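What follows is a single structure, written as structure tokens, with notes after it.
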Amino acid sequence: MLHDISALLQKQGPMSKAMISRELKASESAVEQMLELLIARGRLKRLSADACSGGCCDSSGVDLYQWQGEQALPLSTSLD
């Protein structure tokens, strides 16, 4: 699911957890866990929709998630 979320956000741009869940047909709790892992690895950035200055979002108070690129830790979840 990590790769699915990464690919989706790279293609679509910033999305909410609910939007990602709908698109991937996954529970919000499962998506939330993957989002937190991607944030911890520096691959995603959480954006507050309240900080949006017009046009880019239509839901006040909903966090959006934005892809940050490949400069972060690898997606592998192995705990060597």
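Just so you know, residue 1 is the first one in the sequence shown, and it goes up from there. As the structure is a computational prediction, the values presented were derived from the model and not from experiment.
- The pair Arg46-Glu36 meets the salt-bridge criterion, since a charged nitrogen lies less than 4.0 angstrom from a carboxylate oxygen.
- One distance of note links CD1 of Ile5 with CG of Leu35; it measures 5.0 Å at 0.5 Å rounding.
- By the 4.5 Å heavy-atom criterion applied to side chains, Asp4 and Leu8 are not counted as neighbours.
- Within the 4.5 Å cutoff, no side-chain heavy atoms of Leu37 are placed close to those of Arg43.
- Contact detail for Leu64 and Ser16: the closest heavy-atom pair is CD2-N, 3.6 Å.
- Here the side chain of Gln10 pairs a donor or acceptor atom with the backbone of Ser6 at under 3.5 angstrom.
- When side chains are defined from C-beta on, Leu9 does not count as touching Leu38, because their heavy atoms never get closer than 4.5 Å.
- Taking 4.5 Å as the limit, every side-chain heavy atom of Tyr65 sits out of range of all side-chain heavy atoms of Met15.
- Closest approach of Gln68 to Leu44, counting heavy atoms only: CG-C, 3.6 Å.
- Nearest heavy-atom pair across Asp63 and Ser48 is OD1-CA, 3.7 Å.
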